[in-house]
Amino acid sequence: MTETLASMSRVRTTAFQGAELRLEAGSLGVVTVTSMEQGRAFVDALMGLAPPEEGEVRLLGQSIYDWPESRRLALLAEVGHAGGGLVSNLKVWENLCLPALFHQSATPDEVEQRLSEALNRLPNQDEWMQKRLFALPDTLSSYAVRMGSLIRCAVLRPRLLITEFLLDDLDGEALERLLAMLEWMRIQQPKLAVLLVHRGAIESGDSTLPRLRPDWMIHLEDPTP
Amino acid sequence: MRPAQTHVLGSIISFFQLTAGILVHALTHLDALRRRPVMEVTFKQIYFTGIQALLPASFAAVAIGLTMETQLRALLGSGIELNVKMLKLVVLREFAPLFTAFIVLGRSGAAIASELAAMKVQGEIRGLYLMGIDPGEYLLVPRVVGCAVAVPVLIFYFQAIVAGMGPALASMIVEIDLGPYYQALFSSFTVQELLLSVTKNTCFGLVIAATACSSGIYVPPSRIWIPQAAELAVMRGFILLLTTDVLFALLTL
C-alpha cells in the first residue's frame, strides 16, 4: 500500500485557489504557478508556514498544524531559488553538511559518505569539481548554487523535497545535470517524494517536460476577485 | 500624548520586548549546544569576540593603566592605600569593564547585527527555517553564549593588564614602590567582589549579544537596513551597557 506523504484539499489563499494534490511516497509532481509570489504562497501553505483561508493541508494523514514544528520541518526540505537557501557566511561544504549535522540524522562519517557519493555523480568538468567546496556560496554561479542546494538535500535525505523554481531559466547541460541529480536522489531514496514548483505553464514544447516524466501535474489557478 | 511621542515610546518598548525575548529564547534553548553545528558557531563567536579582540584590548589596557597610574600619583601623592583604593574602585571596577564592553560592542556587536541583517535581507533565515533549522537555536544561542563567555574573560584580561602593567610602566616615570603596591592591591580583593564582577561582566556580554541580535534580526527586508542595523546595535548597546552599569553600581552601594 502506498503511503500518502502530503495532501491538499480545496486550498485557497490570497495568491491561489482550488489546489488539490495527493503526494505519495516515491512520486514526482509538478506544480505550475503564474508568479513567484504564487509559488511562495503555495510552498508556505504546504509546509505549514501560512494557514490557508480555506481547505486543509495534511502531512502523513495528520493536519499539518497538529505537527510539532521541529518534527514537521525535519520531514520536509525546501530548495529555494534565490541563493538556494545556502548560508553566505559558511563555506560551501559546511552548507552541504549543515542540515544533516544539525538534525543529527546521520553521524559525521555518514554525512561525509553521503556527500562524497553525491559529488561522485557529477562529471569531472562540472563547476562543483573545481575546488569550489572550500569557497563561499557567493562565488558560485546560479546553476552551482541550485546544484549545491540539491546536494545538501541528498545529504539530509528528507521524506519530501519541495523545490522552488529550481529548473527555471536554465537549459542545456545545467538543466540535464540537475535533473540527473534529482533522478539519482530518487533512486537512492525510493520513498522520497519530490514536488517541483515551476513557473509558467508547461506545454508540450517545454524542454523540461519529457525529462521530468511527472506522475501528475497541477496548475494553480489565480484567485477569483 | 502626541502621535510622535507615542511612536517613539512604542519603538522603545518594542525594542526592549524583542531584546528580552531573544535573551530568554537563547537562555532557555541552551540544550541546542549539544548539536555540533551550533557548538562550532559558538566556538567561532568566542574566537571573534574574545581572541580577535585581544590586540586592541591589550593596547587600550596598557595605555589606560599607564595614564591612570601616573595621573592618580599626581593627584593623590605617594600614599599606597589611597592609590590602590582609587585604582580598584574607579579603574578596575568601573572603567575597565565598561571600556572593554565598548570595544566588544563596536567590533562584535556591529558585526553580529550587520551579519544577521544581511542574512535576513537575503532570505537566508527563511532558508534555514525551511531546512528545519531553528534560526533561534542556530543563530541566536551561539552568539549569546559566545559573548557571555568571551566578554568576562576579555574584561578579566583587561583588568589584569591594567593592574599588572600599569604600575610597572608608571614606575619608570614616577616613583612607585612596586612590591608593597602589588601586595596592597591584591590583598584588597574579596571573593564577594570577584563574584559580583564576574556577574556584571557576564551581564555585559548578554546585553551586547541580545542588543546586536535584536537590532540585526528585526530589520525590514531591505539592503539599506544592513548598515543601519550595525549603527542601531552600537547606539542601543551603548545606552543599555551604561544602564546596566548604573544598576550594578546602585546594587553595590
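Since we're looking at a predicted model, the values are computed, not measured. Chain A is the first sequence line, chain B the second, and so forth, proteins listed ahead of strands; every chain is numbered from 1.
Within 6.0 Å of OH in A:Y65 there are more than 12 heavy atoms belonging to other residues, nucleotides or ligands. Shown here is A:W67, whose CH2 atom has more than 12 heavy atoms of other residues, nucleotides or ligands within 6.0 Å. Within a 6.0 Å radius of CZ in B:F156, other residues, nucleotides and ligands contribute 12 heavy atoms or fewer. Taking a 6.0 Å sphere around CD of A:E112, one finds it holds 12 or fewer heavy atoms contributed by other residues, nucleotides or ligands.
Heavy atoms only, all atoms of each residue included: A:L86 and B:E124 are closest at O-CG, 3.6 Å. Taking each heavy atom of A:L49 and B:R126 in turn, the nearest pair found is CD1-NH2, 4.5 Å. Nearest heavy atom pair, residue B:G132 against residue A:H103, reads O-CE1, 2.9 Å.
Interface with chain A: from residues 205-225 of chain B, no residue qualifies, criterion being any non-hydrogen pair under 4.5 Å. The interface of residues 25-45 of chain B with chain A, defined by heavy-atom distances below 4.5 Å, comprises B:R34, B:R35, B:R36, B:P37, B:V38, B:K44.
Heavy-atom pairs under 4.5 Å with chain B were tallied for A:L156, A:L98, A:L101; the largest tally goes to A:L98.
Just one of B:L128, B:L130, B:I133 meets the side chain to side chain contact (heavy atoms under 4.5 Å, CB included) condition when paired with A:P99; it is B:I133.
B:M131 is listed as a side-chain neighbour of A:C153, based on a closest heavy-atom distance under 4.5 Å.
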